There are 2 protein chains.
Amino acid sequence: MARYEQIASDLRDAIVRGDYRIGAQLPSEAELALRYSAARGTVRQAVALLAAEGLVGSRQGARRIVLGSERSQSFAELHSFAQWARSMGYRASGTVLSSQRRPCSPSEAVRLSLEPGDEVLDVLRLRRLDGEPVLVERTVYAGWIAPAVERLDPHCESVTQELYESVGLVFAYGEHLIDAVAAGSEDARLLGVRRGSPLLRQRRVTTTQEGRPVECSDDRYRAGSVTFSIRNSTAANPLVRRAGD
Amino acid sequence: MARYEQIASDLRDAIVRGDYRIGAQLPSEAELALRYSAARGTVRQAVALLAAEGLVGSRQGARRIVLGSERSQSFAELHSFAQWARSMGYRASGTVLSSQRRPCSPSEAVRLSLEPGDEVLDVLRLRRLDGEPVLVERTVYAGWIAPAVERLDPHCESVTQELYESVGLVFAYGEHLIDAVAAGSEDARLLGVRRGSPLLRQRRVTTTQEGRPVECSDDRYRAGSVTFSIRNSTAANPLVRRAGD
DNA sequence: AGCTCTGGCTTGTTTGTACAAGTTCGCCTA
DNA sequence: TAGGCGAACTTGTACAAACAAGCCAGAGCT
């Protein structure tokens, strides 16, 4: 672990623990540099990390202030339902309801950088939180990863983790579209809600470290079961509104 | 504009223009430093900016790659409906339906850092996109900003901009919770949808540069009208799932 | 042909220095 | 008391240098 990550971790712990309350000032960079025997640049990297997490804010000339005190794991949580659930103290489970190969559609070809007609693997999963069904996942995997996905246990808890352990696949980048939709008849049946009731939809495309698209997915959460949270500042964070599409 | 922002801007333009296609490699830091006659550190700040926007990805040892080519304005868009609409080429309008002072509730006191019983301003707005009602906004302003809000034109297009021009107020930080809910009878009537139909809800708390809370709001979008979008990488971005609350 | 290994390239981390720009707060004055 | 001024403090920007760590392609070997 890099020095600046250690310092960031130390400061984050102090904030989460309540040593610095919300609205309070953080020590100056110079003071932190002295305390940790590090160069000012290193301290700046540490606090930049906290700023990106939304825990602290900063303005030129004034001391940094504490904006929040909740820790967030950010990336992994957004990609792996199981990892998120575990970190929140829930018990996650899941079932593959169907899994079949088929040629990709034109729109899938674009999103997964495939040639029209290339084969993809279409998987439908139902995921539960403490036994309650909360999420219907319709995922389309690119053909080159399909064999590894088909080898997975149908009741596999964390797909992300299994794929990492079996073929070393790492999900590195993702784009996510979030909106609300009415439950279709299949959604309704699987989630145990009425048809037409509100669902929170997350559509995503995930790629490897090399920028190679792995999967695109349409995930639908039962209303009330899950909330997305984001902290942002004038400086950063690419969460944007888009016109309906 | 800082040197690193100029460099970032230049590279971003090149990416958006298509000089570097998705999946392509960016020039090395050394080469960019030479091209722009800047230190390597300055170039690193520039590409870090692009990485935070989700435009490029990077791994130690390998050249940086282009992940996306769409420009996003991020923060302002998430806070100002009008500014977002304008940048997307829509015509935004809005109407204040009710506005009244009242003592704050206990939960509002916590979120806005007020004393229990302090006065707040409760405003209900309906916002339209090209004439179509798409958003019901229920905003609670802290007492100290209430006078400035009450002076606003009831049909004011951009509250954010007006408050900046009239009292120099800048929204600097925000926390946002995004989920799906069913339309209540008032929501349904205002948005012209059936009761119980799905809405995308964004609850937010906004603070000034000094970390002083200004407003908290419950915004509900008609399904299909608006989508939130986020790019993330293993390195960054604080969009997280939360258990329903 | 297929494999390993190595050397060069590229990004990541850290330190040090200098100056610019904005904030804060106390002091002084009107 | 109210306001203005300025000095000290704090964060932002930029440059330079050095080493660590990971990636990749080409050379050489089996």
Side-chain angles (χ1 to χ4, degrees), chain A residues 1-11 20 23-52 55-67 168-170 172-173 207-212 233-236, chain B residues 1-11 20 23-52 55-67 168-170 172-173 207-212 233-236:
Chain A
M1 202 189 205
R3 189 89 183 86
Y4 78 93
E5 287 175 306
Q6 293 172 20
I7 298 174
S9 175
D10 197 61
L11 289 173
Y20 303 104
Q25 293 185 333
L26 237 52
S28 74
E29 293 177 1
E31 199 181 321
L32 290 173
L34 206 65
R35 182 190 304 179
Y36 292 107
S37 307
R40 192 182 150 218
T42 306
V43 170
R44 281 181 67 79
Q45 283 186 75
V47 293
L49 219 54
L50 301 184
L55 283 182
V56 305
S58 66
R59 318 134 55 197
Q60 186 171 34
R63 283 279 191 84
R64 257 172 265 264
I65 49 178
V66 178
L67 294 172
L169 180 71
V170 175
Y173 309 109
T207 70
T208 65
Q209 285 189 321
E210 296 84 25
R212 194 177 186 191
S233 66
T234 40
Chain B
M1 204 190 207
R3 189 90 182 82
Y4 77 92
E5 287 175 307
Q6 293 172 22
I7 297 174
S9 176
D10 198 61
L11 289 173
Y20 302 104
Q25 291 185 335
L26 237 51
S28 75
E29 293 177 1
E31 199 181 321
L32 290 174
L34 206 65
R35 181 189 305 177
Y36 292 106
S37 306
R40 192 181 152 218
T42 306
V43 170
R44 280 181 67 78
Q45 282 186 75
V47 293
L49 219 54
L50 300 184
L55 247 45
V56 305
S58 65
R59 318 132 58 196
Q60 187 171 23
R63 285 275 263 268
R64 257 172 265 264
I65 49 179
V66 178
L67 294 172
L169 180 70
V170 176
Y173 308 110
T207 69
T208 66
Q209 285 190 319
E210 295 84 26
R212 193 177 187 193
S233 67
T234 40

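Quantities reported herein were computed from a predicted structural model and do not represent experimental measurements. All values below come from the heavy atoms of this structure, side chains included, with hydrogens, waters and symmetry mates left out. Per chain, numbering begins at 1; letters A, B, ... match sequence-line order.
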What is the distance from [atom1] of [X] to [atom2] of [N], rounded to the nearest Å?
| X | N | atom1 | atom2 | answer |
| --- | --- | --- | --- | --- |
| A/Arg44 | C/dG16 | CZ | C1' | 15 Å |
| A/Tyr4 | C/dG12 | OH | C1' | 8 Å |
| B/Glu29 | C/dG8 | CD | C1' | 16 Å |
| A/Ile7 | C/dT13 | CD1 | C1' | 12 Å |
| B/Gln60 | D/dG22 | CD | P | 6 Å |
| A/Leu34 | C/dG16 | CG | P | 12 Å |
| A/Leu49 | C/dG12 | CG | P | 14 Å |
| B/Arg3 | D/dA16 | CZ | P | 12 Å |

Of all the nucleotides listed ([options]), which has the minimum atom distance to the side chain of [X]?
| X | options | result |
| --- | --- | --- |
| B/Ala39 | D/dT13, D/dA16, C/dT11 | D/dA16 |
| A/Gln45 | D/dC15, C/dT14, D/dT10 | C/dT14 |
| A/Arg59 | D/dA14, D/dT11, C/dT23 | C/dT23 |
| A/Arg64 | D/dA16, C/dT24, D/dT11 | D/dT11 |

Using a cut-off of 4.0 Å on non-hydrogen atoms, how would the nucleic acid contact of B/Arg40 be classed: base, sugar-phosphate, or nothing?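 The residue B/Arg40 makes base contact.
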Which residue lies more 5' along DNA chain C, comparing B/Ser58 with A/Arg63 via nearest heavy atoms: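 Closer to the 5' end of DNA chain C: B/Ser58.
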Taking for each residue the nucleotide of DNA chain C with the nearest heavy atom, is it A/Ala2 or A/Gln25 whose nucleotide lies nearer the 5' end?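 Result of the comparison: A/Ala2.
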Heavy-atom closest contact (B/Arg44 atom, B/Glu29 atom, distance):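 Looks like NH1-OE2, 2.8 Å.
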Heavy-atom side-chain proximity of [X] to [Y] below 4.5 angstrom:
| X | Y | value |
| --- | --- | --- |
| B/Leu11 | B/Val56 | no |
| B/Leu55 | B/Val66 | no |
| A/Thr42 | A/Ile7 | yes |
| A/Tyr36 | A/Asp10 | yes |

Taking the nucleotide of DNA chain D with the closest heavy atom to each, which residue, B/Gly61 or B/Thr42, is nearer the 5' end?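 Counting from the 5' end, the first nearest nucleotide belongs to B/Thr42.
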